Number of protein chains: 2
Amino acid sequence: MSTRGETGRRADAVRNRQLALQAATALLAQPGTALTVEAIATKAGLGAATVVRAFGGKDALLDAAVSGLLEPVVRRARALLEQTAAEDALRTFLAELIAFQSAHHAISDQLGDLDLPATTAQRAELVRNVEEMITRARADGAIRTDLSPAVVTTLIGQAAYAVARARPASRELADACVTVLMDGLRPQRRVR
Amino acid sequence: MSTRGETGRRADAVRNRQLALQAATALLAQPGTALTVEAIATKAGLGAATVVRAFGGKDALLDAAVSGLLEPVVRRARALLEQTAAEDALRTFLAELIAFQSAHHAISDQLGDLDLPATTAQRAELVRNVEEMITRARADGAIRTDLSPAVVTTLIGQAAYAVARARPASRELADACVTVLMDGLRPQRRVR
DNA sequence: ACGATAACTGAAATGCACGTTCCAGTTAGA
DNA sequence: TCTAACTGGAACGTGCATTTCAGTTATCGT
């Protein structure tokens with residue numbers, strides 16, 4: 001009888017695949033390190049060739065690692081959208097997004113020229129969810145209507161990225177970003 | 001009689017230095033192209049070795065090119081600070097900074113790991129000027145005082161960077177950034 | 001249990017894209 | 001005209017992902 005996993009891979013290959021994924025995930029949260037195949041392999045206690053082969057290439061490995069990290073974020077956005085008033089959902093999600101990105105600098109920092117299909121798809125879903133939050137918050141009269149939801153979504157995404165990128169990471173800056181953005185997004189009284 | 005420039009360099013060397021600088025500057029404004037020595041040399045119609053030698057290295061060449069581009073921006077910040085009410089200066093400068101960065105994606109995009117002393121110094125001066133604008137606008141009662149000037153400065157810098165980075169570059173997004181940020185920075189009435 | 005064997009491993013080789021340096025030839029300039 | 005300065009194609013060094021291949025090991029049929 002076969003002891004092979006359902007992929008048909010040998011048990012040690014499956015285990016090494018896990019090790020590689022864990023090592024890559026760990027390095028994504030650790031700033032300053034170079035995120036090379038060599039570094040990942042060392043962290044995993046494997047040879048570089050093994051790490052690469054396990055996923056068919058560096059891109060696929062990092063795609064798996066990043067999208068694994070992103071999955072709870074996507075789920076959280078969906079949950080907030082269902083269970084919370086739109087404005088609160090938006091504020092909460094923005095704060096959490098900044099925190100997530102701050103804890104994983106490398107995600108937006110060193111992955112520029114890689115091809116990450118799963119990650120891209122998840123990003124797209126995040127954008128869809130945020131856009132829905134904005135549309136609903138608009139309908140509630142909670143945010144201004146003189147800016148298109150698409151633009152506001154981009155603004156929020158870029159803001160989260162930018163603030164997370166700032167070094168040293170600072171809680172004060174993150175809070176300021178949320179505060180200023182949310183206040184700035186409220187319907188403005190015509191003043192002056 | 002000597003026809004040498006005051007640097008003691010031969011005339012063709014001086015001219016080639018100029019060509020290299022112009023080519024590098026041109027490439028900084030042109031997105032998509034890799035900012036390699038080879039690319040700069042081709043654009044300048046020179047050999048790669050000549051381009052590198054003219055400045056002693058790629059870093060020095062790009063430092064010269066970037067700080068050349070940044071110089072008018074720095075001057076503009078000084079001028080705004082002297083001649084304009086702080087709040088207006090801040091709004092105007094933010095808009096112009098976004099426009100500048102949008103027109104020179106590569107500056108914040110591909111120069112991450114290079115050593116650019118002149119550029120760094122100019123950035124520091126920009127930060128000082130923006131911080132002064134904020135301090136004055138605060139004193140005028142034009143912006144909120146519950147956030148430290150340093151944090152607001154970082155926020156503005158990062159926002160400009162982030163919005164300029166968004167592709168496709170959009171005037172609408174740039175305007176939205178200025179609007180939301182400036183509205184969010186105003187003293188907020190205690191609402192609700 | 002026990003080979004037989006296909007799958008797997010990782011050190012070393014390969015390939016590639018850079019920046020930089022060399023050097024034989026060219027040219028500006030006194 | 002003579003020579004020191006300059007040029008640029010080619011060679012080199014580096015850092016990387018990926019492939020190769022001789023050796024190892026898990027798995028299966030017996």
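Lettering follows sequence order; numbering is per chain, from 1. Fair warning: this is a prediction, and the values are worked out from it, not measured in the lab.
Regarding A:Arg9, its CZ atom lies at a distance of 10 Å from the P atom of C:dT9, rounded to whole Å. Atom C1' of nucleotide C:dG19 and atom CG of B:Asp115 are separated by 15 Å, given to the nearest angstrom. In this structure, CZ of B:Phe55 is placed 12 Å from P of D:dT7, rounded to the nearest angstrom. If you measure from atom CG of B:Asp12 to atom P of D:dG8, you get 9 Å, rounded to the nearest angstrom. Between A:Asn16 atom CG and C:dG10 atom C1' the separation is 11 Å, expressed in whole Å. Between the CZ atom of A:Arg15 and the P atom of D:dT25 there is a distance of 12 Å, rounded to whole Å. To the nearest angstrom, C1' of C:dA7 lies 16 Å from CZ of A:Arg17. Taking atom CG on B:Leu62 and atom C1' on C:dC18, their separation rounds to 14 Å, with Å as the unit.
Among residue pairs with one or both ends in residues 59-75 of chain B, those qualifying as salt bridge (Lys or Arg N to Asp or Glu O under 4.0 Å) are B:Glu71-B:Arg75; sequence neighbours excluded. Residue pairs satisfying the side chain to side chain donor-acceptor pair (under 3.5 Å) criterion with at least one member in residues 90-101 of chain A, sequence neighbours excluded, are listed as follows: A:Arg76-A:Glu96, A:Gln101-A:Ser108. Within the structure, the salt bridge (Lys or Arg N to Asp or Glu O under 4.0 Å) test picks out the following pairs touching residues 130-142 of chain B (sequence neighbours left out): B:Glu132-B:Arg136.
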Counting only pairs under 3.5 Å, give me each side-chain donor-acceptor contact of residues 14-25 of chain B, with atom names and distances, residues two or more places apart or in other chains.
from, atom 1, to, atom 2, distance (Å)
B:Asn16, ND2, B:Asp12, O, 3.4
B:Arg17, NH1, B:Ala54, O, 2.9
B:Thr25, OG1, B:Leu21, O, 2.7

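Comparing C:dT9, D:dA26, D:dG8 against the side chain of A:Arg10 picks out D:dA26 as the nearest.
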- Contact string for nucleotides 16-21 of chain D, one letter per nucleotide 5' to 3', B = base within protein heavy-atom range under 4.0 Å, S = sugar-phosphate only, - = neither, reads SSSBB-

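The salt bridge (Lys or Arg N to Asp or Glu O under 4.0 Å) test applied to B:Glu125 returns B:Arg78, not counting sequence neighbours.
One finds the CD1 atom of B:Ile107 at 5.0 Å from the CG atom of B:Leu69 (value rounded to the nearest 0.5 Å).
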